[in-house]
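Right, one structure below, let's go through it.
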Amino acid sequence: MPLFGSTFSPKKIPPRKSASLSSLHTLDRSTREVELGLEYGPPVMNLGGQSWKFEDGQWISESGGNASGREVQRLKKKNVQLEEENNLLKLKIEILLDMLTETTVEYHLIEKEVEDIKTQHRRKK
């Protein structure tokens, strides 16, 4: 026997209403465009006074601004080439510094040997 009266029985839930009362979702794309005047084109945005359009997975400048897509690709390729050349030059500098260090050490060793020979020659006299 329950302490506070009758047993728990929840109320029946009313059925849900349709998510959309509009019938537009049943129309095909061309009919929707005619009815609503919607034209779906590629996304367009303006940044810094330049208009950009998203086509084929890339943002392309529309307004003929500072650089076209081809110009950007050319500059990227040139940048990669210059980075490779820079790395090669850094390697050459490293090798030249190693060679200079080795030559300097050899020079100091020969100079020390000459001083030692001079010192021995003076002692013999």
Side-chain angles (χ1 to χ4, degrees):
M1 183 157 150
L3 185 64
F4 296 108
S6 66
T7 60
F8 175 75
S9 72
K11 295 180 182 179
K12 298 221 176 207
I13 299 173
R16 291 187 180 191
K17 293 182 181 178
S18 175
S20 174
L21 298 176
S22 170
S23 63
L24 292 176
H25 68 279
T26 60
L27 300 176
D28 62 55
R29 180 179 173 165
S30 60
T31 309
R32 271 185 281 175
E33 286 179 5
V34 170
E35 291 289 324
L36 301 174
L38 298 176
E39 292 185 23
Y40 298 102
V44 178
M45 70 175 172
N46 288 320
L47 288 176
Q50 269 191 315
S51 179
W52 293 85
K53 181 168 47 171
F54 192 75
E55 285 184 354
D56 300 325
Q58 289 186 332
W59 287 100
I60 299 170
S61 175
E62 275 191 327
S63 58
N66 297 346
S68 68
R70 288 189 181 122
E71 182 72 11
V72 169
Q73 292 295 340
R74 187 187 68 76
L75 290 173
K76 283 182 180 179
K77 187 175 180 181
K78 182 71 172 174
N79 189 28
V80 168
Q81 179 186 1
L82 289 173
E83 285 176 351
E84 289 174 359
E85 183 180 350
N86 191 24
N87 289 337
L88 179 65
L89 291 173
K90 284 179 181 179
L91 181 64
K92 286 182 178 182
I93 288 172
E94 186 75 25
I95 290 171
L96 286 172
L97 284 174
D98 287 346
M99 290 171 62
L100 178 64
T101 303
E102 187 178 338
T103 305
T104 304
V105 167
E106 288 175 359
Y107 171 77
H108 285 300
L109 286 174
I110 291 172
E111 194 176 53
K112 185 168 173 38
E113 286 179 14
V114 168
E115 283 296 318
D116 289 346
I117 291 173
K118 283 182 179 178
T119 306
Q120 287 177 0
H121 186 68
R122 287 185 195 146
R123 286 183 184 166
K124 287 184 180 178
K125 287 186 176 182

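All heavy atoms count here, side chains included; hydrogens, waters and symmetry mates do not.
Distance CG/Leu109 to OG1/Thr104: 11.0 Å, rounded to 0.5 Å. Put simply, CD on Gln73 and CD on Glu71 are 11.0 Å apart, with the number rounded to the nearest 0.5 Å. For the atom pair OG1 (Thr103) and CG (Asp98), the distance works out to 10.5 Å, reported to the nearest 0.5 Å. For the atom pair Leu100 CG and Ile93 CD1, the distance stands at 12.5 Å (nearest 0.5 Å). Between the CD atom of Glu83 and the CG atom of Asn79 there is a distance of 4.5 Å, given to the nearest 0.5 Å. The distance from atom NE2 of His121 to atom NZ of Lys124, rounded to the nearest 0.5 Å, is 8.5 Å.
Placement of Leu89 and Leu97 in two distinct hydrophobic clusters is found when ILVMFWY residues are connected by side-chain heavy-atom separations under 4.5 Å, directly or transitively. Placement of Ile60 and Trp52 in two distinct hydrophobic clusters is found when ILVMFWY residues are connected by side-chain heavy-atom separations under 4.5 Å, directly or transitively.
In this structure the side chain of Val80 never reaches within 4.5 angstrom of the side chain of Lys76, judged on heavy atoms.
Within a 6.0 Å radius of CE in Met45, other residues, nucleotides and ligands contribute more than 12 heavy atoms. Remark: Glu85 CD is loosely packed, at most 12 non-hydrogen atoms of other residues, nucleotides or ligands lying under 6.0 Å away.
Nearest heavy-atom pair across Ser51 and Val44 is OG-CG1, 3.7 Å.
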* Decide yes or no on salt bridge (Lys or Arg N to Asp or Glu O under 4.0 Å) for Lys112 and Glu115, but give the supporting numbers first. => CA-CA 5 Å; Lys112 185 168 173 38; Glu115 283 296 318; over 6 Å; no
